[in-house]
Amino acid sequence: MKRTAKFTSHKRHLIAGNWKMNGLLGDAQQFIADLADNPAPDHVEVALMPPFTLLHPMAESLREKDVRLGAQSVYFEKNGAFTGSISAIMLRDVGCHYVILGHSERRDIIGESNNIVHSKLDAAWETGLEPILCIGEHQQERENGKTNAVLSEQLSVLAKARSDAPLTVAYEPVWAIGTGLTATPEQVTETHAFIHDELARMGHDCRVLYGGSVKPDNAAALMACPGVEGALVGGASLQATSFNQIIQAAGNVAKGE
Ligand code: PEP
């Protein structure tokens, strides 16, 4: 069944860069210097999610800048004998505002289940972090008409959450991540309408980003889809030039140009 979006955006759009397992100290300093040459438009918020090793130095460099910092994951326990893990309070301590949860690379490669994502959401909220909850279907699931069922299942972790809990959702079709494939504007519009409906049914009114091979040349078309309020950007966020072009494209769309 086709859905018609009856959606009006009230929120500042977010362009968030997920660096994944990329970036050394020198890269981070250069990136921030290059990004500072092009301030973001007023109606666009910018955030960076570098690897854990860069959080502290980047927090220092971003102190005076209008760019928020986030982590790519978190462990749900507060502290203790959990070798190799980082807790939500540690992320807050180092200056993070956001944490990405449920990214398909963590679900598929590390084996993170919906239950674990649920525990991590609670840990993030207890500490004052804003989760960016990633959801998305695999190619086969889309081809089999299972997209909405998969998304509903992934969104079910929000069923008991307080409606005023800080939250951003990112719709990232797994087949579009790092592949150069993107969902068509029709697919994005229809799927975002479904996600907004599901969120509303659970009492949430939050920003929904699109992610999956967002690049300077497709950003404007994707950001113009109703129900899209920003982007989670992987590969194209590694270079300040391409990341900035996406920020400016989002700014033009949000301004109605
Ligand atoms: C991501 O990892 O969240 C992502 C969207 O990656 P890419 O932009 O490289 O597809």
Side-chain angles (χ1 to χ4, degrees), residues 13-23 27 31 35 44-52 54-55 67-74 96-112 117 120-121 124 129-139 141-142 147 150-151 154-155 167-185 187-188 191-192 195 206-223 225 227-250 253:
H13 290 203
L14 171 65
I15 302 296
N18 173 14
W19 284 9
K20 313 192 185 193
M21 199 172 70
N22 294 292
D27 307 322
F31 184 96
L35 200 63
V44 178
E45 181 191 334
V46 178
L48 289 170
M49 286 81 189
F52 289 131
L54 295 181
L55 287 172
V67 176
R68 279 181 158 158
L69 195 63
Q72 299 171 20
S73 185
V74 68
C96 286
H97 175 88
Y98 291 108
V99 62
I100 297 175
L101 296 182
H103 192 283
S104 63
E105 285 154 15
R106 295 208 57 94
R107 293 183 195 261
D108 293 349
I109 303 172
I110 316 284
E112 227 167 75
V117 173
K120 291 183 170 195
L121 273 170
L129 287 168
E130 176 167 347
I132 299 181
L133 174 65
C134 298
I135 58 171
E137 80 287 359
H138 292 88
Q139 178 85 56
E141 292 164 335
R142 179 162 277 274
T147 300
V150 170
L151 300 178
Q154 291 172 337
L155 285 170
L167 175 69
T168 293
V169 168
Y171 168 54
E172 300 205 300
V174 181
W175 46 273
I177 296 181
T179 58
L181 299 172
T182 44
T184 63
Q187 288 170 324
V188 173
T191 311
H192 275 243
I195 294 168
C206 71
R207 201 161 41 180
V208 182
L209 316 180
Y210 171 78
S213 297
V214 177
K215 308 282 179 211
D217 60 356
N218 61 21
L222 290 164
M223 296 304 102
C225 296
V228 173
E229 298 152 304
L232 184 54
V233 185
S237 72
L238 293 173
Q239 304 297 330
T241 312
S242 45
F243 191 51
N244 180 55
Q245 285 167 345
I246 293 170
I247 294 167
Q248 302 304 328
V253 170

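In each ligand, atom 1 is the first atom listed, and ligand 1 is the first ligand listed.
If you check which protein heavy atom lies closest to atom 1 (C) of ligand 1, you get His103 NE2, 3.3 Å. Taking atom 8 (O) of ligand 1 as the reference point, the nearest protein heavy-atom neighbour is Gly234 N, 2.8 Å. Scanning the protein for heavy atoms near atom 5 (C) of ligand 1, the closest one is Glu172 OE2, 3.0 Å.
Under the 4.0 angstrom criterion for non-hydrogen atoms, Ala236 is not in contact with ligand 1. In this structure, Ala176 is part of the shell of residues with a heavy atom less than 4.0 angstrom from ligand 1.
Gln245 CD: more than 12 foreign heavy atoms inside a 6.0 Å radius.
There is no side-chain donor-acceptor pair under 3.5 Å between Lys215 and Thr182.
Remark: side-chain polar atoms of Tyr210 are paired, donor with acceptor, to backbone N or O of Gly212 under 3.5 angstrom. Within the 3.5 Å criterion, the main-chain N or O of Ser237 finds a donor-acceptor partner in the side chain of Trp19. Listed for the Glu45 side chain is no donor-acceptor partner under 3.5 Å among the backbone atoms of Ile15.
Close contacts between ligand 1 and Ser213 involve ligand atoms 7 (P), 8 (O), 10 (O) [criterion: under 4.0 Å to a heavy atom]. Of all atoms in ligand 1, listed by their number and element, those nearer than 4.0 Å to a heavy atom of Gly235 are 7 (P), 8 (O), 9 (O). Residue Gly178 approaches ligand 1 through these ligand atoms, each under 4.0 Å from one of its heavy atoms: 7 (P), 9 (O), 10 (O). If you number the atoms of ligand 1 from 1 as listed, the ones under 4.0 Å from a heavy atom of Leu232 come out as 3 (O), 5 (C). Near Gly212, meaning under 4.0 Å from one of its heavy atoms, ligand 1 places the atoms 5 (C), 10 (O).
A salt bridge links Lys120 with Glu112: at least one charged nitrogen is closer than 4.0 Å to a carboxylate oxygen. Contact check on Arg207 versus Glu229 returns no salt bridge, with no Lys/Arg side-chain nitrogen under 4.0 Å from an Asp/Glu carboxylate oxygen.
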Worked verdict on Arg107 versus Ile135 for side chain to side chain contact (heavy atoms under 4.5 Å, CB included): CA-CA 10 Å; Arg107 293 183 195 261; Ile135 58 171; 4.3 Å; yes
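By the criterion of a heavy-atom distance under 4.0 Å, neither the backbone nor the side chain of Cys134 is placed next to ligand 1.
The distance criterion of under 3.5 Å between nitrogen or oxygen atoms is met by Lys20 with respect to ligand 1.
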